[in-house]
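Quick note: residue numbers are just sequence positions, from 1. No hydrogens, no waters, no symmetry mates; every other heavy atom, side chains included, goes into these values.
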Amino acid sequence: MNVAPGRSVSSKRQRAWDSTADRGWNARSLIYAAIVLNLLLFVRVAVIRSPFYSYQGPSGADRVYYYAYARSLVIDRDLNFSNEFAARPPSSGAIVRNGRQLNKYPIGTPLIGLPAFAVIHAVVSGLRTIGVGLAADGYSAPYVMAFTLSQLGLTLLGMWLLYLTLLRYFAAQAAAIAVVAAWFGTNALHYTAVDLMMAHAAALFSTAWCGYESVTLGESSARPAKWCRVGLSCALVGLVRYQNVVFLLVPAAATLAVLSNSSLRGTLRTAVLNVASATLGFVVAWLPQLAAWKAMFGSWLVNSYQQELEFTWTHPHVRDMLFRDPARGLAIWLPVLGIGVFGCLAYAAWRVNAVALAAVVAWLINFYIISAWWAWSSVAQRATFDFLLPVAVGLGAGLTAFRDRRQVALIAALAMLIAWSVPFAAIGVPEEVSYGTLASAWLECMKALL
C-alpha cells in the first residue's frame with residue numbers, strides 16, 4: 001500500500017495492519033460490503049416499507065421544496081413553483097411574496113438530481129410518443145426514482161471519498177473500519193439509505209468531497225485544476241445547506257498549510273494563480289444560486305431564512321441535544337460521536353495537524369449553532385451528521401493507537417454500537433421512546449427491519 005505524502009502512519013502500525021499483501025483488498029471489501037448493505041437497506045426500508053421517503057414522491061416540507069426545483073427547471077423551464085406546490089403542498093416553510101410562494105431552500109440538492117431527472121423526462125416523453133402510458137408530469141415513479149437514485153449514488157461516492165481521505169492518515173484496515181463505524185454507527189445511515197430526498201444525503205457527499213480535496217491539496221499543490229476542484233467542492237457545501245459553510249474551515253486550514261509550507265509554496269505567481277483558480281471554481285459553482293435568488297426574489301443576494309433566525313446564543317440547548325430525549329437528541333449515537341470527535345482532537349494535537357483540528361472546530365461550531373437554534377429538536381438528529389470527517393478520523397486514530405487486545409476490544413465495541421444504531425437509523429427513533437424504553441424500542445425497530 002502506498003503512503004501518500006504527509007500521511008501519519010508509523011511503520012510498525014502499518015506493518016501490523018498490512019501484514020499480508022492482500023490486506024488493502026480486504027479493507028476495500030469492507031467498504032464494498034457496506035455499500036451493498038446500504039443498497040439493501042434502501043430497497044428494504046425506503047422502497048418497500050416507507051416509499052413516501054424516496055419512491056412515491058416528495059412529502060413534508062424540505063423534500064417538496066428540493067424536488068420542486070428539479071421539476072420546475074426541467075419540465076416548466078422556470079422557477080415559478082405554483083403548480084408544483086399545488087400538486088404537492090409543502091407542510092411548512094412557506095414564503096409568499098406578491099401572492100407567489102417562493103422557495104427558500106438552496107439549489108444544491110436539486111442540482112445533483114437534475115441530470116438524471118432530465119434524462120428520465122426525455123425517455124418518458126419519447127415513450128409516450130410510441131404509446132407507452134407513462135405520465136410525463138414529473139411525479140410518476142421513473143422521475144422520483146431517478147431523483148432519488150442520483151442522491152443515493154453520490155452519497156455512496158461520498159463514503160468512498162471519505163475512505164480515500166482517511167488513507168492519507170491511516171492504514172487501509174483502520175481507515176475502512178473507521179468509515180463504516182462513522183457511517184453505520186450514526187444516524188448518517190438514515191440519509192444514505194432511507195430518506196434520500198432530504199438535503200443531508202447531498203450534504204454527506206459535498207462535505208466528503210470537499211474534505212478529500214482539502215486533505216489531498218498538498219499532493220498536487222502546483223496544479224490549478226486541483227485548486228479549482230477545491231473551489232467547486234467548497235461552493236457545493238454551501239449550495240446544499242447554507243449552515244454547512246462552517247465546514248469550510250477545513251479547506252481554509254489546508255490552503256494555509258500549503259501556502260505556508262516552503263517546500264510546496266512555489267513562486268508568488270504560482271500561489272496567486274492557484275488561489276485565483278480556487279476562487280473561479282467557487283464563483284462558477286455558486287452562479288446557479290445567484291440566478292435562482294434573482295429570479296425568485298429580484299435580488300442577487302438574499303437571506304431566504306431571515307424569518308427563522310432565532311438563536312439563543314447565551315443559552316444553547318447542549319444538554320437537551322445530548323441527553324434530554326433520545327427521540328430528539330443524540331443520546332443513541334453519543335458513544336460513536338464522543339470517541340470520534342475527541343479522538344480527532346487528540347490526533348490533531350498529537351500530530352500537530354491543522355486540517356484535523358479545523359475539522360473538529362468546524363463540527364463543534366456547527367453543534368453550537370444547532371443547539372442555539374430554536375428548531376434544535378427537529379434538526380439535531382440530521383444536521384449533526386452532515387460532516388463525518390472528524391468522527392472517522394478520531395475512530396481511525398483510536399484504532400491505530402491501540403494495540404493487540406485493546407485494538408480487538410475497540411473493534412468489538414464499534415461492532416456492537418453499529419448493531420445498536422442500525423435499527424434506529426433505518427426505521428427511525430420512535431417519537432415516544434424514553435431511556436426506560438430504549439431496549440424495547442430497539443427490538444421493535446429490529447422487528448420492523450427484518
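Within the 4.5 Å cutoff, the side chain of Gln173 has no heavy atoms near those of the Leu30 side chain. Ile369 has its side chain within reach of Phe311: a pair of non-hydrogen atoms, C-beta onward, lies under 4.5 Å apart. Pro430 places a side-chain heavy atom less than 4.5 Å from the side chain of Cys445. You'll find the side chain of Leu189 reaches within 4.5 Å of the side chain of Asn38, heavy atoms only. Val230 has its side chain out of reach of Tyr212: every pair of non-hydrogen atoms, C-beta onward, lies at least 4.5 Å apart. In this structure, the side chains of Val355 and Leu217 stay at 4.5 Å or more apart for every pair of heavy atoms. Residues Leu388 and Met159 form a side-chain contact, since some pair of their non-hydrogen atoms from C-beta on lies under 4.5 Å apart. Inter-residue side-chain proximity for Ile120 and Met145 is flagged as unmet; no heavy-atom pair is nearer than 4.5 Å.
Thr384 places a side-chain N or O within 3.5 Å of a backbone atom of Ala380 that can act as its donor or acceptor partner. Under the 3.5 Å distance criterion, the side-chain polar atoms of Glu213 are left unmatched by any main-chain donor or acceptor of Arg229. The main-chain N or O of Glu308 is found under 3.5 Å from a side-chain atom of Trp373 such that the two form a donor-acceptor pair. In this structure, Thr155 contributes its side chain and Leu152 its backbone to no donor-acceptor pair below 3.5 Å. With Gln381 contributing its side chain and Pro326 its backbone, the two residues share a donor-acceptor pair below 3.5 Å. Side chain of Thr437 to main chain of Val433: no donor-acceptor pair is present (N/O by atom type, distance under 3.5 Å, no hydrogens or angles). Distance alone, capped at 3.5 Å, places no donor-acceptor pair between the Glu310 side chain and the Trp374 backbone. In this structure, the side chain of Arg71 does not engage the main chain of Tyr67 through any donor-acceptor pair within 3.5 Å. Thr312 contributes a side-chain N or O that, together with a main-chain N or O of His315, makes up a donor-acceptor pair within less than 3.5 Å.
Here salt bridge (Lys or Arg N to Asp or Glu O under 4.0 Å) pairs that include residues 383-401, with residues two or more places apart or in two chains, are Arg241-Asp386. Here side-chain hydrogen bond (donor to acceptor under 3.5 Å, both in side chains) pairs that include residues 438-450, with residues two or more places apart or in two chains, number zero. Within the structure, salt bridge (Lys or Arg N to Asp or Glu O under 4.0 Å) pairs that include any residue of residues 143-159 do not occur (at least two apart or interchain). For residues 421-434, every residue pair satisfying the salt bridge (Lys or Arg N to Asp or Glu O under 4.0 Å) rule, not counting sequence neighbours, is listed here: Arg328-Glu431.
Considering all non-hydrogen atoms of both residues, Val179 and Leu166 come closest at CG2-CD2, 4.1 Å. Heavy atoms only, all atoms of each residue included: Ala61 and Ser91 are closest at N-OG, 3.4 Å. When all heavy atoms of Val180 and Ala34 are compared, the closest pair comes out as CG2-CB, 4.0 Å. Closest heavy-atom contact between Cys234 and Cys210: SG-SG, 3.8 Å. Residue Asn244 comes nearest to Val237 through the heavy atom pair O-CG1, 3.2 Å, listed as atom of the first residue, atom of the second, then distance. Residues Leu167 and Ala172 approach most closely at CD2-CA, 3.6 Å, considering heavy atoms.
Remark: Ala331 pairs with Tyr435 by the side-chain contact (heavy atoms from CB on, under 4.5 Å) rule, at least two apart or across chains. With sequence neighbours excluded, the residues forming a side-chain contact (heavy atoms from CB on, under 4.5 Å) with Ile339 are Leu395, listed by chain and number. Under the ring pair (Phe, Tyr, Trp, His ring centres under 6.0 Å) criterion, Phe52 pairs with no residue, sequence neighbours left out. Judged as a side-chain contact (heavy atoms from CB on, under 4.5 Å), and not counting sequence neighbours, the contacts of Ser421 are Trp333, Ala425. Under the side-chain contact (heavy atoms from CB on, under 4.5 Å) criterion, Ser54 pairs with Phe42, Ala46, Thr148, Leu196, not counting sequence neighbours. With sequence neighbours left out, the ring pair (Phe, Tyr, Trp, His ring centres under 6.0 Å) criterion links Trp376 to His317. Residues that satisfy the ring pair (Phe, Tyr, Trp, His ring centres under 6.0 Å) test with Phe367, not counting sequence neighbours, are Trp363. Residues meeting the ring pair (Phe, Tyr, Trp, His ring centres under 6.0 Å) test with Tyr65, sequence neighbours left out: Phe85, Tyr105.
Partner Leu232 forms a side chain to side chain contact (heavy atoms under 4.5 Å, CB included) with one of Trp227, Trp209, Phe282, Trp286 and no other, that one being Trp209. With His190 as reference, Tyr53 is the one residue of Phe424, Phe385, Tyr53 to meet the ring-ring contact (aromatic ring centres under 6.0 Å, His included) rule.
The six-membered or imidazole ring of Tyr163 lies near that of Trp160, with a centre-to-centre distance under 6.0 Å. Between Tyr66 and Phe147, the ring center distance fails the sub-6.0 Å criterion. Taking the six-membered ring for Trp and the full ring otherwise, the centers of His200 and Phe205 sit at least 6.0 Å from each other. Aromatic ring centroids of Phe170 and Tyr347 lie under 6.0 Å apart.
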Using side-chain contact (heavy atoms from CB on, under 4.5 Å), reason through Val408 and Asp404 one step at a time and then give a plain yes or no.
CA-CA 6 Å; Val408 173; Asp404 303 325; over 6 Å; no
Would you check, one step at a time, whether the test side-chain contact (heavy atoms from CB on, under 4.5 Å) holds for Gln151 with Ile112?
CA-CA 7 Å; Gln151 308 297 321; Ile112 288 175; 3.8 Å; yes
Apply the test side-chain contact (heavy atoms from CB on, under 4.5 Å) to residues Gln407 and Leu410: give CA-CA distance (whole Å), side-chain angles for both, the deciding distance (0.1 Å), then the verdict.
CA-CA 5 Å; Gln407 191 179 82; Leu410 178 56; 5.8 Å; no
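Distance CG/Leu239 to OG/Ser206: 9.0 Å, rounded to 0.5 Å. To the nearest 0.5 angstrom, Leu345 atom CG is 12.0 Å from Asn353 atom CG. Taking CG of Asn366 as the reference point, atom CD1 of Ile370 lies at 4.0 Å (rounded to 0.5 Å). In this structure, CG on Asp195 lies 8.0 Å from OG on Ser59, to the nearest 0.5 angstrom. Atoms CG and CG, from Leu249 and Leu256 in turn, are 10.5 Å apart once rounded to the nearest 0.5 Å. Expressed to the nearest 0.5 Å, how far CD1 of Ile107 lies from CD of Gln289 amounts to 6.0 Å.
Side-chain atoms of Thr216 and Lys226 form a donor-acceptor pair, as typed in the model, at a separation below 3.5 Å.
Atom OH of Tyr242 is surrounded by more than 12 heavy atoms from other residues, nucleotides or ligands within 6.0 Å.
Ring geometry for Tyr143 against Phe117 counts as tilted: the plane angle lies between 30° and 60°, on a 0 to 90° scale.
Stacking of Lys104 on the aromatic ring of Tyr69 is not recorded, the 6.0 Å distance cut-off and the 45° axial limit not both being met.
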